[in-house]
Structure formats: C-alpha cells, structure tokens
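Shown next, in structure tokens, is the structure this report addresses.
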There are 2 protein chains.
Amino acid sequence: MKIGELSKTSGCSIQTIRFYEKEGLLSDPERTEGNFRLYDVTALKQLEFVKHCRSLDISLIDIKRLIDLKNKPEESCSSVNALIAQQLALVKKRMKELKALKNELQQMASTCNSDNTIEGCGIIKSLDS
Amino acid sequence: MKIGELSKTSGCSIQTIRFYEKEGLLSDPERTEGNFRLYDVTALKQLEFVKHCRSLDISLIDIKRLIDLKNKPEESCSSVNALIAQQLALVKKRMKELKALKNELQQMASTCNSDNTIEGCGIIKSLDS
DNA sequence: ACTTGACTCTATAGTTACTATAGGTTTTAC
DNA sequence: GTAAAACCTATAGTAACTATAGAGTCAAGT
Ligand SMILES: [Zn+2]
Ligand SMILES: [Zn+2]
Ligand SMILES: [Zn+2]
Ligand SMILES: [Zn+2]
C-alpha cells in the first residue's frame, strides 16, 4: 500500500508517518519506480507499535530504545521493565502536580462571584498574591 | 535593580525575563545610559503575577489576556472567571488522560516478571497488541 | 590609566512532537 | 490528452522556554 492508505488504516497523518521514518522509528520503505513509498503489513505493525507507545506518552527516544530492545529477543527484559517503570513514575509525578493545580484553581474560582468588577475579583486578587 | 537582581529575587532566569518582555507580558523597562534594563518593585510584581499564572499552567496568551483584563478594573470579571474555568477544565481533562495512562502502564508493568527474556516479556507483548 | 572579571546586550539556534505550507513530480480517471 | 488526486522533498511554524556566540558596559584593583 501507499502512504495514503497506511495513513487511513493506521490513523496517523501522512506527515507524521514521514516524520517517524526520518526519526528512525519506522524502517525505510520500498519505493515504486516513481519514488512513492510502498508499505506492507509489517510496516503497519511497526507503526501501530509506535502509536501504542505514543498513546502512553512515551517519548520518541524511548520508543526508539524499545524498538532496539525488541530486536534483541534473547536479552533480559529488565531494561524494558525499567523504562516502563520510569514512564509510570513520570505520569504519577505529573498527576500529583495537576492535582495541586486543580485544587488551587478550584479554590480561586470559588472566590469569584462572577457579577463583580475586575477590581474586586477574588481571582485576580489571588493571582496577585 | 538590574536584570540579574530581578532574576535572583524572582527566581526567573534572565533569559526568561527577557523572553517575557519580548512577548509583551512585562512592560518595557527603563534603560541605563549603557542600555542595561532597570527594574523597580512594580516590575517585580508584574513578574510575580506571570509566575503565579504559569505555576497554574496558564498559557502565555491567556496570561496576556488576564493582564489586559487587569488593566480594565471597572469591567465585569466574568471573562476572568471564564478563563479560569477553562483552565480548570483543561487540567481535569489532562488528569483523566493521565489516570488512564497510569492504569495501562501499571497493568503492563504487572505482566513483566523482570527475569525474563525480551521475547517473552509481557510488556512488549502488550505494546505489540 | 589600564586591565580583569562580572555583568549585560542582541540575535540566533536548539528543544519536542508534530503540523502546515510551497513548489514540484507521478499516477489515475475521463 | 489533460485534469485531478496523490505523492515527493524541503522548509517553516507551534509553545515556552534554554543555551549559546559575539560584543558592549561597568566596577574594582593595580
Ligand atoms: Zn494501549
Ligand atoms: Zn471574579
Ligand atoms: Zn499559587
Ligand atoms: Zn518483562
């Protein structure tokens, strides 16, 4: 299939596919005589792997590491495990941060009774302190 | 005070201060004869307002809007309220996303017993499906 | 007066993960 | 045969900074 079909099948935009290729996340595809990219099912699987990782917010660099690891099936999977653990830690950290943000934003929102002037707005007062 | 002192007092890096100025979040400061920026307490307060907003993950564009609103003290504060509500919605949405990520990552991590080969690793299997 | 070092200046490039053009070529359909 | 659709490369833009390069300014010490 050509890139347009891969794009539709995978749900990745054409530009993103070409971008992943440039970044080394997808192997260089065959080309037609006219230089069009040609993909097969293997390429689709590769792309879906990347998409799945991205849906977990794993960075492109880490995805590359995972791909490299995948290509060494005999080795211990402890690096994989570590990478996922680190990603989990990252997510947890960000969740904690967002929880704090949420609390402060809610607190602020509650100090505004909406039919007020900006001068007397509790939100602006909070932000100013 | 000069930019170095403002940087230390505020905890913002010098480059960030200049960047905020270029983006219109801080008013253009006075300059010495030798073209060095000169700040007073008002500038520090402005910067702290920006910092407080940023700590709530409010985008620079929205901070600019808030600053514009602050300069119209007579008007209704409903726009301020709306902006904060939107920010809160954004944070909540992201928290939901992260919660889903966390669940899937934890689920994945639990399928890896660490002293395995990559070939047999549950994490890789999850990512491949 | 001169030099050294700390501080500051502007302008520019890099970061992440894409997205969006511009300008050109190839293929497909009528 | 021609027009539209799909494809190609290369480049610039996004957000919110950070990090240089190369030059100018200023205070202290000799
Ligand atoms: Zn999944
Ligand atoms: Zn209010
Ligand atoms: Zn706060
Ligand atoms: Zn494993």
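Note: hydrogens, waters and symmetry copies are ignored here, and every other heavy atom, side chains too, is used. Below, read A as the first sequence line, B as the second, and so on, with proteins coming before strands; counting in each chain starts at 1.
Leu6(B) places its CG atom 14 Å from the C1' atom of dT8(C), with the value rounded to the nearest Å. When the C1' atom of dC26(D) is taken as reference, atom CD of Glu33(B) falls 12 Å away, rounded to whole Å. Look at CD on Glu23(B): it is 13 Å from P on dT18(D), rounded to the nearest Å. The CD atom of Gln15(A) sits 14 Å away from the C1' atom of dT14(D) (whole-angstrom rounding). To the nearest angstrom, C1' of dC7(C) lies 13 Å from CD of Glu5(B). With rounding to whole Å, Glu21(B) atom CD is found 13 Å from dT8(C) atom C1'. Protein atom NZ of Lys8(B) is 12 Å distant from nucleotide atom P of dA6(C), rounded to whole Å.
No salt bridge links Lys125(B) with Asp128(B); every basic N to acidic carboxylate O contact stays at or beyond 4.0 Å. Taking a cutoff of 4.0 Å between a charged side-chain nitrogen and a carboxylate oxygen, Lys51(A) and Glu48(A) do not qualify as a salt bridge. Looking at Lys8(B) and Glu5(B), no side-chain N of the basic residue comes within less than 4.0 Å of a carboxylate O on the acidic one, giving no salt bridge.
Of all heavy-atom pairs between Ile118(A) and Cys77(B), the closest is CG1-CA, 3.7 Å.
Within the helix from dA1(C)-dT30(D) to dC30(C)-dG1(D), the inter-axis angle between the opening and closing five-pair segments is 30°, rounded to 10°.
One side chain, Gln46(B) or Ser27(B), offers a donor N or O that lies under 3.5 Å from an acceptor on the other.
For Ile14(A), taking side-chain heavy atoms from C-beta onward, the closest of the listed nucleotides dT18(D), dT21(C), dC7(D) is dC7(D). If you check dC8(D), dC26(D), dT19(C) against the side chain of Thr32(B), the one that comes closest is dC26(D).
Applying a 4.0 Å cut-off to non-hydrogen atoms, the residues of residues 44-66 of chain B that approach DNA chain D are Arg54(B), Ser59(B), Leu60(B), listed by residue number. Near DNA chain D, defined here as any heavy-atom distance below 4.0 Å, the residues from residues 35-43 of chain A are Asn35(A), Phe36(A), Arg37(A), listed numerically.
For the pair Lys2(B) and Tyr39(B), the cation-pi criterion (under 6.0 Å, within 45° of the ring axis) is not fulfilled.
His52(A) places a side-chain N or O within donor-acceptor distance of the main-chain N or O of Ser129(B), the cut-off being under 3.5 Å. At distances below 3.5 Å, at least one donor-acceptor pair connects side-chain atoms of Ser7(A) with backbone N or O atoms of Cys12(A).
More than 12 heavy atoms of other shown residues, nucleotides or ligands fall within 6.0 angstrom of atom CG in Leu38(B).
Checking the phosphate oxygens (OP1, OP2) of dT19(C), a side-chain nitrogen or oxygen of Thr16(A) falls inside 4.0 Å. OP1 and OP2 of dT10(C) both lie 4.0 Å or more from every side-chain N or O belonging to Arg18(B). For dT10(C), the OP1/OP2 oxygens have a side-chain nitrogen or oxygen of Arg31(B) closer than 4.0 Å. Put simply, Tyr20(A) has a side-chain N or O that comes within less than 4.0 Å of OP1 or OP2 on dC18(C).
To the nearest 0.5 Å, the span separating CZ on Arg54(A) from CD1 on Ile63(A) amounts to 5.5 Å. Considering OG of Ser79(B) and CD1 of Ile84(B), their distance stands at 11.5 Å, rounded to 0.5 Å. Rounding to the nearest 0.5 Å gives a distance of 13.5 Å between NZ of Lys64(B) and CG of Leu69(B).
Nearer to the 5' terminus of DNA chain D, by closest-nucleotide assignment, is the contact made by Phe19(B) (compared with the other of Lys2(B) and Phe19(B)). Mapping Lys22(A) and Gly34(A) onto DNA chain D by nearest heavy atom places Gly34(A) closer to the 5' end of the strand.
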